[in-house]
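Notes follow once the structure below has been shown.
Letters A, B, ... are given to chains in the order of the sequence lines, protein chains preceding strands, and every chain is numbered from 1. Remember, predicted model here, so these are calculated numbers, not experimental data.
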Protein chains: 2
Amino acid sequence: MENPLDSVFAALADPTRRAILAMLLEDDMAVTDVAEPFEMSLAAISKHLAILTRAGLISQEKRGRVKWCKLEPDALREASVWMQSFGQFEPVNLDAFERFLEAELKD
Amino acid sequence: MENPLDSVFAALADPTRRAILAMLLEDDMAVTDVAEPFEMSLAAISKHLAILTRAGLISQEKRGRVKWCKLEPDALREASVWMQSFGQFEPVNLDAFERFLEAELKD
DNA sequence: AGGATCGTCAACCATTTGGTTGAATATGCC
DNA sequence: GGCATATTCAACCAAATGGTTGACGATCCT
């Protein structure tokens, strides 16, 4: 995967990883804490975090024995810009956004 | 893959499929014409088009023996909205966009 | 009818993906 | 030192992905 967009979009394609990003939106977190709400092994979450890191969507910094995960908005922004380059999109429509949030809540 | 974002982002993760979308930005195209610039079989392109269709990113309509492919911006817009929900992004930054285009041209 | 063109289907293959478990490494605590 | 905690590594597995080829069904043209 040469083009950075490949790894960014591939990373975003997994719901577990999108959920992790949403969690990190709140605050930086340790790997164990990221894993806590998920019904899957710590090793699996560790792999997801590695994928997000390779995509540039998060960064990880080890302090002591805990590794802190931090959202890195730049990569996401690049993907967002790619989408916007499909120019006919009017700048974000709040109605669409509200419908989206409503749809999310139904799940 | 239940969440529509799964299939949209998965579809966008492949460079061939992003290239197809960019082509369709110009105009609607027949499957054979979509396939022409790629060094891969028609069947492979047909599969890529099926993936884009399932993701809702394009639609296909058969008229006579040719099947026309048409960009469907709504699914893309939904993904774009999801990204924007990572709110700290200021509304699209033209400088970032110009840097992006410049970087693309270098390839 | 017969032939060429458009596109998909089916079977197959190699590679990647997303998960598991158990062992290993590194750090902090007493 | 010795134990608990935090995280990754390695080997493995099932399923999905991205490609191939060859046969097939539709449609158009003469």
Handout entry: d(CG, Asp14(A); P, dA16(D)) in whole Å
Key = 14 Å

Fill in the blank from the handout: Closest of dG18(C), dT8(C), dT8(D) to the Ser46(B) side chain is dT8(C)

Fill in the blank from the handout: Between the CD atom in Glu72(A) and the CG atom in Leu57(A), the distance rounded to the nearest 0.5 Å is 9.5 Å

Fill in the blank from the handout: From CG of Asp6(B) across to P of dT17(C) the rounded distance in Å is 16 Å

Exercise for the section: Examine the base of dG19(D) for any acceptor or donor lying under 3.5 Å from a partner atom in the side chain of Lys47(B), and report the outcome as yes or no. Expected result: yes

Handout entry: Residue whose closest nucleotide on DNA chain D lies nearer the 5' end, Ala44(B) versus Lys62(A)
Key = Lys62(A)

Practice task
Give a yes/no on whether any side-chain N or O of Ser41(A) is located under 4.0 angstrom from OP1 or OP2 of dT20(C).
Solution key: yes

Exercise for the section: Check every atom of dT8(C), dC6(C), dG18(D) against the side chain of Thr32(B) and return the nucleotide holding the closest atom. Expected result: dC6(C)

Exercise for the section: Just compare dT27(D), dG7(C), dT8(D) and give me whichever is closest to any side-chain atom of Ala30(B). Expected result: dG7(C)

Practice task
Please figure out whether Val66(A) or His48(A) has its closest DNA chain C nucleotide nearer the 5' end.
Solution key: His48(A)

Practice task
Spell out, as yes or no, whether a donor-acceptor pair under 3.5 Å connects the side chain of Thr53(A) to the backbone of Leu49(A).
Solution key: yes

Handout entry: Contact check, side chains of Leu42(B) and Val31(B), non-hydrogen atoms, under 4.5 Å
Key = yes

Completion exercise
Picking from dG18(C), dA26(C), dT20(C), the nucleotide nearest the side-chain atoms of Arg17(A) would be dG18(C)

Exercise for the section: Check every atom of dG18(C), dT20(C), dC6(C) against the side chain of Ile51(A) and return the nucleotide holding the closest atom. Expected result: dG18(C)

Exercise for the section: For Ala43(A) and for Gly64(A), locate the closest nucleotide of DNA chain C by heavy-atom distance; then report the residue assigned to the nucleotide nearer the 5' terminus. Expected result: Ala43(A)

Problem - Options dG19(C), dT8(C), dG19(D), nucleotide nearest the side-chain atoms of Met40(A) - result: dG19(C)

Handout entry: Backbone of His48(B) reached by a side-chain donor or acceptor of Arg17(B) within 3.5 Å
Key = no

Practice task
Consider the side chain of Arg65(B), meaning its heavy atoms from C-beta on, and name the nucleotide among dC9(C), dC28(D), dG28(C) that approaches it most closely.
Solution key: dC28(D)

